[in-house]
Amino acid sequence: MKIFFLITTAIFISNFTFSQKVGYYNNTSGINGSTLKTELHNIIKDHTSFSYDRAKYILLKSDADTANLGNVILVYTGRTEDGLLYGTGSNDINREHVWAKSHGDFGTSQPTGTDAHNLKPADASVNISRSNKDFDNCQATGTQHLEATGCYYTADAWEPRDEVKGDIARIIFYMATRYEGENGELDLEVVDFINTYPNASHGKLSTLLQWNLTDLPDEFERNRNKEIFNWQKNRNPFIDKPEFAELIWNNTSTNGLDIDNIYTIPHNPQAGDTIRVYSNITTNTGSITANLLWGTSYAAMINNTALSANFIGIIPPQAENTTIYFKVNADNGSISSSSIPYEIYIPYIYTGSTSSIYDIQGQTATSPYINQTVTTTGIVTANFGNGYYIQDGVGEWNGIFVYDGGRNPTIGDSIVITGTVDEYYDFTEIINVANYYFCSSDNPLPNASVINTNELGESFESVLVKFNSAICTNTNSGYGTWLINDGSGNAKIQNTEIFDYYPTIDESYDIEGIVNYSYDEFKVQIRSFNDVSKTIMRLESATALNSTTVNVLFSKEVETTTAENINNYTIDNSISVISAQKDINQNRIVTLTVSNLSSGVYYLTANNIEDLEGNIITNQSEYFSYSNTKINDTELSDIGIYPNPASTYVQVKGYNAKVITYKIMDVYGRETSNTQAKNSSNEFTINISNLAKGIYFLKIKSNTGSRIDKIIKL
């Protein structure tokens, strides 16, 4: 067992609650109108989207009644209610779409229909009364709601209670900024009139701007913004800075004194670190004086430190488990400005020991630590809502799933956890997390292990993997899965609660994701649109089959004329390309006949070769090696291979020769799992039942030399 004693290098831990990153709103100072709206959109777009069902659990935290554990505050009545009492009864909870889902007809589809910033817990009967009405002042001409007595309505409009008018306005502003028609999403716009149904618009703008100023964000709303950020990894900018709304929709001018580009050094401060706060302050007139306000609560930033001439402020070393709030103030003699407040967390210092994930996995199907309490550490590689994956190294046996729906770490966070090792239907996981400790954020992820599609197995359980150039062979293999095959066999891809991808049959994809095991099969779970991309044209590999034959593999099927032009290939060390032939069965492969190779490493370059869509490779290169082992006619006749073709088994028999090792490679030159060492056996059987149908190469090394034979799997 490997135990890592963390003494000289401390791990910094706590039960950390995530806050907005310092500098989240950099590049938003000094601009207004559509320019500012676009900049904010670019900051908050592409959030982590969860399912409509998962929203119940997000709202349980974001709208929590802190005085009644497990309850939420209903938006229109203000009543406290059981946070999971969802249903159709008059006093049950509904997930109210503040921007009515019929205004654009986005329903409950991701991401628009499930965006938690737009969802509020509401009394079911009151939600029916609000329906899809626009928002406006209604008291003068409308009717007071019998149950939600602070609300008024007309046939066309709804006026919420005073305590949440600003909350409602800022949600509408968020939706109009987040959804701008990109990537197939709707373009939502806030307008200055009502009766907007069924258009992708909502009103009434002038009223909402008024509510935004008269009901400013309170602690409840700021906490809601923080909790939703924990899940979705994006914020509502209009809660952090209500003035954004005036700058965008009233086109209010900026005051000419701008504070921007705020960051801290160190990025992840620890106890004992002096924190330097950097900012860029500019003015149209006058001379700038600036100071840093900071403290241990949002409402009490009582420490005042003058900034240097370069606008650098100092926060002295802080104790462990401390949250620091700060903002930068500036004055030019006639006007003053303040930055958005930011938070810095100072974690605990942990100097205990941890068990590695590699040891917890134990290189076996069942963990040797089953039912034991362990402390381990890793980088978060995925978070699917009900739990997350961590990994502390690259490759096999280095990942594990943590079943812990109460916390939502961000991909790239370094954490330490203490929990119990469990085998959930043979899936190794950590449950009953007793301690969850945050170390640092924005860490690089372990490199994904590039594997063949037939290599999914126990050793890659919970590990980040990648497939290159795999063809979709089935767009719907059941329960949200689809199949890909890179020539070595099928692999299942799992659409998840946070991301669905709908592939095209026979299209080639590069896919990255986390290996999961459920229902007796391994599959790769995808996390976001970044995990799936259509394969681009590239040179993937070159493989020497013998001294005069080199197979060249491309990521996509190649156009014949350019692929068979010998002038489009060069090999170093004065090796000539004599001919080039595209494989008639595997149109991604070109077989080169070359002048005689000697043992060594070579460098092949492909240029001006097109795929079937006209995409061209320009000077892409790959290394390959060749081992020059003498093969004579006597040896070739000394080994028999039969039957061939075969469906289940291939028999190898040596007469005078004894086989030492063998390996089976696919037509792309990639080694399959059918590779073994033999103790100089004269006769043995190779099980090929796990291989997909197709052509393979069997490479045998004997006591007298080596040979390669083509075999066909039926």
Side-chain angles (χ1 to χ4, degrees), residues 452 454 468-469 486-488 539-555 557-558 560 563-566 568-606 609 620-633 635-641 644-646 650 652 657 659-676 686 688 691-702 704-713:
N452 298 336
N454 72 330
N468 285 326
S469 306
D486 63 5
S488 65
L539 171 61
E540 288 213 330
S541 66
T543 304
L545 299 183
N546 54 50
S547 63
T548 59
T549 308
V550 176
N551 264 10
V552 183
L553 171 65
F554 296 94
S555 62
E557 295 185 355
V558 291
T560 303
E564 295 187 345
N565 185 341
I566 62 173
N568 290 341
Y569 305 91
T570 58
I571 302 176
D572 65 349
N573 295 325
S574 301
I575 300 298
S576 300
V577 178
I578 299 169
S579 68
Q581 179 70 49
K582 186 171 78 169
D583 192 286
I584 60 173
N585 296 311
Q586 302 288 344
N587 292 327
R588 292 166 54 197
I589 294 176
V590 176
T591 299
L592 304 181
T593 301
V594 301
S595 58
N596 197 53
L597 299 171
S598 301
S599 293
V601 177
Y602 294 87
Y603 195 61
L604 179 141
T605 301
I609 297 169
Q620 292 189 15
S621 302
E622 284 289 335
Y623 289 101
F624 70 94
S625 62
Y626 174 68
S627 177
N628 184 14
T629 302
K630 181 68 175 177
I631 303 175
N632 55 49
D633 292 337
E635 186 210 350
L636 290 175
S637 62
D638 274 351
I639 294 178
I641 300 170
N644 188 15
V650 171
V652 178
V659 175
I660 299 172
T661 62
Y662 72 85
K663 65 175 64 176
I664 295 181
M665 299 173 292
D666 64 21
V667 291
Y668 305 138
R670 295 173 299 199
E671 191 173 316
T672 71
S673 58
N674 303 69
T675 299
Q676 292 186 19
I686 303 174
I688 63 170
L691 298 179
K693 294 179 180 179
I695 298 172
Y696 296 87
F697 294 98
L698 173 62
K699 184 173 183 179
I700 296 173
K701 182 179 180 181
S702 78
T704 57
S706 63
R707 61 183 278 180
I708 295 176
D709 287 271
K710 181 183 289 187
I711 61 173
I712 300 174
K713 165 65 188 297

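Residues: numbered from 1 along the sequence shown. Quick note: numbers below take in every heavy atom, side chains included, and nothing from hydrogens, waters or symmetry partners.
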Would you compute the distance between atom [atom1] of [X] and atom [atom2] of [Y] and round it to the nearest 0.5 angstrom?
X: Ile686; Y: Lys663; atom1: CD1; atom2: NZ; result: 13.0 Å
X: Leu545; Y: Leu592; atom1: CG; atom2: CG; result: 10.0 Å
X: Glu622; Y: Leu539; atom1: CD; atom2: CG; result: 5.0 Å

Just by modelled atom types, is the [Y] backbone N or O under 3.5 Å from a matching donor or acceptor in the [X] side chain?
X: Ser576; Y: Ser595; value: no
X: Arg588; Y: Phe554; value: yes
X: Asp572; Y: Tyr603; value: yes
X: Ser488; Y: Asn454; value: yes

Considering residues at least two apart in sequence or located in another chain, which fulfil the side-chain contact (heavy atoms from CB on, under 4.5 Å) criterion with [X]?
X: Asn573; result: Tyr602
X: Ile566; result: Val577, Ala580
X: Gln581; result: Glu564
X: Asn568; result: Thr562, Asn565, Asn608, Ile609

For Ser625 versus Ala544, what's the shortest heavy-atom pair and its separation?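 Scanning both residues, the minimum pair turns out to be O-CB, 3.6 Å.
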Evaluate the side-chain proximity of [Y] to [X]: yes if any heavy-atom separation is below 4.5 Å, no if none is.
X: Phe624; Y: Leu597; answer: yes
X: Tyr569; Y: Val550; answer: no
X: Asn596; Y: Thr548; answer: yes

Apply side-chain hydrogen bond (donor to acceptor under 3.5 Å, both in side chains) to Thr591 and list each qualifying residue two or more places apart in sequence or on a separate chain. Asn551
Listed by chain and number, what are the side-chain hydrogen bond (donor to acceptor under 3.5 Å, both in side chains) partners of Thr605, not counting sequence neighbours?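 Listed in chain order: Ser621.
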Quickly, which of Val552, Ile589, Val558 forms a side-chain contact (heavy atoms from CB on, under 4.5 Å) with Asp583? Name it, please.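 When side-chain contact (heavy atoms from CB on, under 4.5 Å) is applied between Asp583 and each of Val552, Ile589, Val558, only Ile589 qualifies.
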